[in-house]
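Letters A, B, ... mirror the listed sequences (proteins, then strands); counts begin at 1. All heavy atoms count here, side chains included; hydrogens, waters and symmetry mates do not.
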Amino acid sequence: MDSAYTEPILDWYAANARDLPWRAPDATPWGVLVSEIMLQQTPVARVLPVWREWMARWPRPADLAAEPSGEAVRAWGRLGYPRRALRLHESARAIVARHGGRVPESHADLLALPGIGAYTAAAVASFAFRQRHAVLDTNVRRVLARLVSGEEFPPRSQTAAEVRLAESLLPADPPTAARWSVAVMELGALICTARTPRCVDCPVLSSCAWQAAGRPAYDGPPRRGQTYAGTDRQCRGRLLAVLRDADGPVEKSALDVVWSDPVQRERALDGLVADGLVDPLDDGRYALPA
DNA sequence: AACGCGTGGAT
DNA sequence: TATCCAAGCGT
């Protein structure tokens, strides 16, 4: 349904959208899917060069599906959360096996792919196939919290009310709804940012509930801070970096030197093996998965 | 339904 | 320097 926000935000997007390659007219559904997975919890600037490499090397799902999963992990580089690379590789194989090598168009089929949840399924269906879905990512949730609910930040976990609100604001025409979804995301990414919103440049400042309320500070429960130094996550990252940067299998000693605590190191390595990110060879060495 | 899962730039 | 946080997902 159109609201007071619809036209100003669509117009703002038309004039201010970033020129991102996965939004180009020649971007394929596969390119959109790869971008969405890479962008999960990861800034655009860091994704850009890796996405370009992937598209040049694996222009179709079948190209990635033909590789060992370890190549996807290696080419993931330092994007973080490397299980995403593994699942993207699994998805490529599922797309070949179940969908003839073409990225499926239906939300349900997309959702059934590994590593694709409600957000990513809606995003691909909207941005690659111009369908009408509520696309609720962290940007959209924050924009709607401010614009409509008058609060600085959305609830910690997504609520049914947020989904209903997002659906209620979706323009009726599917291609317009898809444009609206990406426009709200872009507004959140460029103007209605988490830390220091640029309200002076906001196209809907005059109808913003948070602005009208005097921009009250968030008063909900404190967001859990993610400490990193000394965690298993950091340890896993160090271990996997050794394998990524090596040409082939590495000796256990090469892993041992990057983390001093042996108990934590073994636990992290076991975790990587359990996740399928590391392959323990019969000769005692370790490698990226075949 | 919390929690684990990487990384690095911005403030 | 420490903290925040960036197009989430799976368990």
Side-chain angles (χ1 to χ4, degrees), chain A residues 17-18 20-23 27 31-51 73 76-88 90-91 110-128 133-143 152-160 166 178 181-190 192-198 218 221-244 258-259 264 267-268 270-272 274-278:
Chain A
R18 287 169 292 179
L20 301 172
W22 44 84
R23 290 178 183 163
V32 172
L33 172 54
V34 171
S35 79
E36 288 300 335
I37 302 294
M38 289 183 172
L39 286 163
Q40 290 169 2
Q41 304 284 283
T42 309
V44 167
R46 208 175 318 158
V47 165
L48 276 168
V50 182
W51 184 88
V73 174
W76 197 251
R78 305 189 67 80
L79 285 182
Y81 295 146
R83 293 187 294 192
R84 290 182 293 168
L86 225 41
R87 293 182 180 134
L88 189 45
E90 289 174 45
S91 277
L110 288 163
L111 195 55
L113 296 172
I116 298 194
Y119 161 75
T120 304
V124 173
S126 297
F127 307 152
H133 297 278
V135 177
L136 265 185
D137 78 321
T138 185
N139 289 303
V140 174
R141 295 185 63 221
R142 187 177 55 250
V143 169
E152 186 179 18
F153 295 117
R156 176 172 305 182
S157 49
Q158 190 177 112
T159 64
S181 295
V182 73
V184 178
M185 282 181 63
E186 192 77 339
L187 186 67
L190 298 183
C192 197
T193 54
R195 202 80 71 92
T196 311
R198 305 163 148 80
Y218 178 69
R223 315 192 47 185
R224 74 172 191 280
Q226 32 175 295
T227 54
Y228 182 61
T231 60
D232 285 11
R233 286 157 81 167
Q234 185 184 31
C235 183
R236 286 167 56 107
R238 292 257 188 96
L239 295 171
L240 200 59
V242 172
L243 293 171
R244 268 201 319 264
V258 300
W259 198 262
Q264 188 175 27
R267 182 173 65 234
D270 286 349
L272 289 169
D275 286 347
L277 285 163
V278 172

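Using a 4.0 Å cut-off, no side-chain N or O of A:Gln41 falls inside it from OP1 or OP2 of C:dA6. Contact annotation: A:Tyr228 reaches the phosphate of B:dT7 (side-chain N/O to OP1 or OP2, under 4.0 Å). Regarding contacts with the backbone of C:dC9, a side-chain N or O of A:Thr120 is found under 4.0 angstrom from either OP1 or OP2. The side chain of A:Arg142 places an N or O atom within less than 4.0 Å of a non-bridging phosphate oxygen (OP1 or OP2) of C:dA6.
Each of A:Pro43 and A:Gly115 lies near DNA chain C, and the nucleotide nearest A:Pro43 is the one positioned closer to the 5' end. Nearest-nucleotide assignment on DNA chain B puts the 5′-proximal partner with A:Leu79, out of A:Leu79 and A:Arg195. Toward the 5′ end of DNA chain B lies the nearest nucleotide of A:Leu272, the other residue of the pair A:Thr196 and A:Leu272 mapping further downstream. Positionally, the nearest nucleotide of DNA chain C for A:Asn139 lies more toward the 5' end than for the other of A:Ile116 and A:Asn139.
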Show, in sequence, the C-alpha distance, side-chain angles and deciding distance for A:Ser35 and A:Arg23, and conclude whether the side-chain hydrogen bond (donor to acceptor under 3.5 Å, both in side chains) test is met. CA-CA 10 Å; A:Ser35 79; A:Arg23 290 178 183 163; over 6 Å; no
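The backbone N or O of A:Trp51 lies less than 3.5 Å from no partner atom in the side chain of A:Trp22, so there is not a single donor-acceptor pair. Of the possible donor and acceptor atoms, none in the side chain of A:Arg233 sits under 3.5 Å from a partner among the backbone N and O of A:Ala229.
Atoms CG and CZ, on A:Asp270 and A:Arg236 in that order, are 11.0 Å from each other to the nearest 0.5 Å.
Crowding of A:Arg198 atom CZ: a count of heavy atoms from other residues, nucleotides or ligands under 6.0 Å not exceeding 12.
For A:Arg84, counting side-chain heavy atoms from C-beta on, the closest listed nucleotide (B:dG6, C:dC5, B:dT7) is B:dG6. Listed nucleotides C:dA7, B:dT7, B:dG6 differ in distance to A:Val44; the shortest reach to its side chain belongs to C:dA7. Side chain of A:Leu39, nearest nucleotide from C:dG8, B:dG8, C:dA7: C:dA7. The side chain of A:Gln40 approaches C:dC9 more closely than any other nucleotide in the set C:dA6, C:dC9, C:dA7. Of the candidates B:dG6, C:dC9, C:dG10, C:dG10 carries the atom nearest the A:Arg87 side chain, counting heavy atoms from C-beta on.
As judged by a 4.0 angstrom heavy-atom cut-off over every strand, A:Trp76 is placed among residues making no nucleic acid contact. Across all strands shown, A:Leu20 has heavy atoms under 4.0 Å from base atoms, whether or not it also approaches the sugar-phosphate.
Comparing the same atom, C1', in B:dC5 and in C:dC5 gives a spacing of 15 Å after rounding to whole Å. The separation of C:dG8 from B:dA1, taken at their C1' atoms, amounts to 15 Å, rounded to a whole angstrom. Only the P atoms considered, C:dC9 is 23 Å distant from B:dG8, to the nearest whole Å.
Between the side chain of A:Arg233 and the base of B:dT7 there is no donor-acceptor pair of N/O atoms closer than 3.5 Å. For a distance-only test at 3.5 Å, the side chain of A:Thr42 qualifies as a donor-acceptor partner of the base of B:dG6.
Rounded to an integer number of Å, the gap from CG of A:Leu277 to C1' of B:dG6 is 11 Å.
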